[in-house]
Structure formats: structure tokens, C-alpha cells
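Structure first, commentary second.
Residue numbers count from 1 along this sequence. All values reported here derive from a predicted model rather than from experimental measurement. These values consider heavy atoms only, across backbone and side chains, with no hydrogens, waters or symmetry-generated copies.
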Amino acid sequence: MASTPRTRPPRPPSSLSPNPNPTKHKTPSSSRPSTSSIAIPLEPSSNFFPSSKSEFTRLLAVVFVAAAVAFACNYVFTFLNYQPKPFCDSNPEFDASLSDFCEPCPLNGVCHEGKLECAHGYRRLRNLCVEDSNINEAAKKLSKSVEGLLCEEYAQFSCTGTGNIWVQSNQLWEKVNESKIMDEYGLNKAVYAHAMQRAMEALGKVLERRLNDQGIEELKCPALLAQHYTPVSCRIQQWLFEHALLLVPACALLLGCIFMLLKLRRMYYLSVRAEQIYNEACDVLEEKAVSARSMTGKHESWVVASLLRDHLLSPKERKDPVLWKKVEQLVQEDSRLERYPKMVKGESKVVWEWQVEGSLSSSGKRKKAQESRLERGERTNLSPQQRNWLLKAEEPVNC
């Protein structure tokens, strides 16, 4: 039986629209705008980019703060979720293909089951084993102490001939342990033993070793190194012994030169001083003769030589007989002076007398020279105008 087709009932007319057929009389207010009728702009608006410098600065600040916050969050997240890799075993049979999943074992370290243990004398610093500064300093001080003890012994032996060049190692370490280096650096016995071992390794490259008849190890400082520990007095002594063949004639020549210089200096002094005393004696004798001539019978024209000597010489110069002998020699060579013995108060004395009939110009010349020196000294204190007046006054007048 053929089915009858279902027919759609007719739609009732809308009461809102007066037109029953909306497709034919469609108003713009009742219809939805079509997408094809809207204009899409092809360029961004003028307000999209910052129009001033202040807006651009604020934009940069916002971008910078956002980037900093993102970086900090990423760092904190990575740090909290970080799990350090275990250390690879230091076993030589370890599979190298697994190194991507573990950290390589550093030098001077022993790794087992992912854990790191540094060797003696080293301490852990992150994933490395570095030298322990305390052990290193203790080893250096130990080696320096041992070196000083041995080299001082050698230096003493080379200077005085006493002491021992070769020192037993056990006795040497007993002396070093008295310095209490372990307590100074706060080291325990195991670490101190390691520092001592390192010190011995360093000293083995410097010191000389041998075994004595009892099989005990002995140490010795090298000769070149011992020179740095030799005292200054000992170095001077050794240098004198080494250069004795050159120093003896050099010192003799030097002493001879000094002796000759002193002798020449004394001869010059005696000649100058004797001449000075001779001039003073001539002045005294000349004045004595002039006064005796003017006052006849009241004064003697002669002077006792010994009294004149004590008058002209100082107490220190009287002890030097050579000086007065030179004065006597000058007096003897002067023809204006006469020397002869005379009885004075019952004793025979040698007297000196100025020949009155001789020249009397010596004292006058000396007095004029002294007066001219005084005048020159006074003129230096005068003003330029006063000097000109004096020069004009001293000019000879032509008649």
C-alpha cells in the first residue's frame, strides 16, 4: 500500500509583521547584517603603537618586568626540581656508555655507589677535590723547618768545625715535632702524618740521603743551599781566608800609604807652626831691643830662650821637642838674631838677642799687614758711597 506523502502545514502569518511574505518585503531593522557588508580594515589603527616617548618607555618597562618574572619562575622551578647526578664509579671496569647518566669521578677522589670521597690532603669543593690549605701550609712549614735545621748544622760545621753534617731522620723529626705545628694548624694525627709525608716528598728533591752502618736513614743539606744559612760573620771570615794572599800585601801597601800621609801631614804642620812661632819670637825680641835702646840701663836687650819657649808654646806643644828644634834652627839661620850663653842668677842660660843695628822692618811690615787686613775688614762693612769717598781720599794729589 503506497504511503501518502506528509505535507507540512502552512505557517501562520506573523502578527508582528504586516507583510505576510517577509522574503519579498524585508526591512533592514528586522534582518541581521551580513558579514560581507562589514568593512575589515587592512592596516592597524593609529592608537596601536605608542605615540609618545613616555608610552614607549612604559611599554619597555612592562616587557622587561614580564621577562624577569618569567626567568625567575623558570629558575626557581628548575632549582626545585633539580636532582644531582650520582658520581660514576672509579672502577676501571666501569662502562663508559653510562657516563651520560652520572658525573665523572674527579681527580684525587674515590667514587663508589654514586658517592665521592676525596683523598688525604684534599677536600671536596662542589664536584671537585682541591688541596686542603691547612695541610699544604703545614707541609711547607715542616719542610722549611727540616731544611733550616739541617742547613744550620752544616753552616756551623763549615765555620767552627763542630757539629754534624749528616743527621738521622728520626732525631730530626723529633726536633721538628717540638715546634707543635700540628696544634698550630689544628690537624689530627692522620692528617699530620699525611702532611709529614708530603714534606718528606718535597725534601727528597732537595736534601741528600744515605743509610748508615745501622741501616738508619740520614739526611744532609747540600753545600750550595747551606751557604744561604751561613752567618755574616762566618762569611767574612771565610772570605778573608780565601783571599789572604791578596789581602796581606794590599793591607801593607795601604798602611804604608797612610803612614806616609800622616808623616807628610806632621812635617807640614811642624814647618808651618815653627815658622809662626819664629815670627812671634822675632817680634818679642825686636820689641825688647827697641825698648832697651830707648831706656838705656833699665831693660836688657836679650831674652832667655827657655823662658821665651815657655811663653810662646802651649803645654801640649812643649812635650814635642821637634817643634822647638825647628824654631831654633830658623833662629840660627837668621843673621839678625844672636845666640850666646849668659850667666843669669848664677846659672848658665842661652839667651837670644835682636841685633839693634840690624834691620827693624820685619815687625813694621807685619804690623802694617795686620793694619791693612783690619782696614779691609772695616771697608767691607761700609756702604758703596763711603767706599768711593775713601778711594778718592787715598788718591795721590799731583802738585
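- Remark: the backbone N or O of Trp239 is paired with a side-chain donor or acceptor of His243 at under 3.5 angstrom.
- In terms of heavy atoms, Ala289 sits closest to Ser301 at CA-CB, 4.4 Å.
- Taking 4.5 Å as the limit, every side-chain heavy atom of Phe87 sits out of range of all side-chain heavy atoms of Lys115.
- Looking at every heavy atom in both residues, Gln227 comes nearest to Arg235 through O-NH2, 2.7 Å.
- There is no path of hydrophobic side-chain contacts, each under 4.5 Å, that joins Met267 to Leu270.
- Residues Leu240 and Leu247 have side chains in contact (heavy-atom distance under 4.5 Å, counting atoms from C-beta outward).
- We find the CG-NZ distance between Leu203 and Lys205 to be 11.0 Å, quoted to the nearest 0.5 Å.
- When atom types are taken as modelled, the side chain of Asn74 and the backbone of Ala70 share no donor-acceptor pair closer than 3.5 angstrom.
- In the hydrophobic clustering (ILVMFWY side chains linked at under 4.5 Å, chained through shared members), Leu262 is joined by Leu254, Ile258.
- Between the side chains of Glu103 and Asn127, no donor-acceptor pair is found at a separation under 3.5 Å.
- Counting only N and O atoms by type, the side chains of Arg273 and Gln276 include a donor and acceptor under 3.5 Å apart.
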Test side-chain contact (heavy atoms from CB on, under 4.5 Å) on Leu107 and Cys129 and set out the steps.
CA-CA 7 Å; Leu107 294 175; Cys129 290; over 6 Å; no
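- With hydrophobic clusters built from ILVMFWY side chains whose heavy atoms lie under 4.5 angstrom apart, Tyr269 shares a cluster with Leu312.
- Within the 4.5 Å cutoff, side-chain heavy atoms of Thr230 are placed close to those of Cys159.
- In plain terms, the two heavy atoms of Ser335 and Gln355 that are nearest each other are O-CG, 4.2 Å.
- Residues Arg336 and Trp354 form a side-chain contact, since some pair of their non-hydrogen atoms from C-beta on lies under 4.5 Å apart.
- Counting only heavy atoms from C-beta outward, the side chains of Cys282 and Leu337 approach each other to under 4.5 Å.
- In plain terms, the two heavy atoms of Glu208 and Pro222 that are nearest each other are OE2-CA, 4.1 Å.
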Determine, stepwise, if the pair Gln329 / Lys325 fulfils side-chain contact (heavy atoms from CB on, under 4.5 Å).
CA-CA 6 Å; Gln329 184 178 0; Lys325 286 182 179 180; over 6 Å; no
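- Using a cutoff of 4.0 Å between basic side-chain nitrogens and carboxylate oxygens, Glu217 and Arg209 are scored as salt-bridged.
- Checked for salt-bridge contact, Glu353 and Arg339 miss the test: no charged N lies under 4.0 Å from a carboxylate O.
- Shortest non-hydrogen contact noted between Tyr229 and Glu152 is CD2-CG, 4.3 Å.
- Leu307 is connected to Trp302 through a chain of hydrophobic side-chain contacts under 4.5 Å among Ile, Leu, Val, Met, Phe, Trp and Tyr, so both are in one cluster.
- Atom OH of Tyr268 and atom CG of Leu264 lie 12.5 Å apart (nearest 0.5 Å).
- Hydrophobic clustering, with ILVMFWY side chains joined whenever heavy atoms are under 4.5 angstrom apart, keeps Tyr122 apart from Leu116.
- A salt bridge links Glu347 with Lys349; the closest basic N to acidic carboxylate O contact falls under 4.0 Å.
- In this structure the side chain of Val303 never reaches within 4.5 angstrom of the side chain of Val351, judged on heavy atoms.
- Crowding of Glu275 atom CD: a count of heavy atoms from other residues, nucleotides or ligands under 6.0 Å not exceeding 12.
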Step by step, would you call Arg123 with Val130 a side-chain contact (heavy atoms from CB on, under 4.5 Å)?
CA-CA 6 Å; Arg123 57 185 178 85; Val130 297; 4.0 Å; yes
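- The OG atom of Ser158 sits 10.0 Å away from atom CD of Gln237, with the distance rounded to the nearest 0.5 Å.
- Between the side chain of Thr160 and the main chain of Phe157, no donor-acceptor pair closer than 3.5 Å is present.
- Between Leu207 and Leu150, the closest side-chain pair of non-hydrogen atoms falls below 4.5 Å.
- For CE of Met260, the number of neighbouring non-hydrogen atoms (other residues, nucleotides, ligands) closer than 6.0 Å is 12 at most.
- Between the OG atom in Ser348 and the NZ atom in Lys342 there is a gap of 10.5 Å [rounded to 0.5 Å].
- Shown are Pro106, Cys102, Pro104; of these, the side chain to side chain contact (heavy atoms under 4.5 Å, CB included) with Cys111 is made only by Pro106.
- When side chains are defined from C-beta on, Glu137 does not count as touching Lys141, because their heavy atoms never get closer than 4.5 Å.
- Note on Ile165: it does not cluster hydrophobically with Leu172, by side-chain heavy-atom contacts below 4.5 Å among ILVMFWY residues.
- For Arg210, the CZ atom is densely surrounded, since the number of other residues' heavy atoms within 6.0 Å is greater than 12.
- When the shell of 6.0 Å around CZ of Phe259 is examined, it contains 12 or fewer heavy atoms from other residues, nucleotides or ligands.
- Rounded to the nearest 0.5 Å, atoms NE2 (His311) and CD (Glu280) are 8.0 Å apart.
- Residues satisfying the side chain to side chain contact (heavy atoms under 4.5 Å, CB included) test with Glu328, not counting sequence neighbours, are Trp324, Trp352.
- Here the straight-line distance linking atom NE2 of His228 with atom SG of Cys221 works out to 9.0 Å at 0.5 Å rounding.
- Taking 4.0 Å as the cut-off between side-chain N and carboxylate O, Asp320 and Arg266 count as a salt-bridged pair.
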The test is side-chain contact (heavy atoms from CB on, under 4.5 Å); show your working for Lys220 and Val167 and say whether it passes.
CA-CA 7 Å; Lys220 174 189 172 184; Val167 182; over 6 Å; no
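- The number of heavy atoms from other shown groups lying within 6.0 Å of CG (Leu211) is above 12.
- Residues Cys105 and Val110 approach most closely at SG-C, 4.0 Å, considering heavy atoms.
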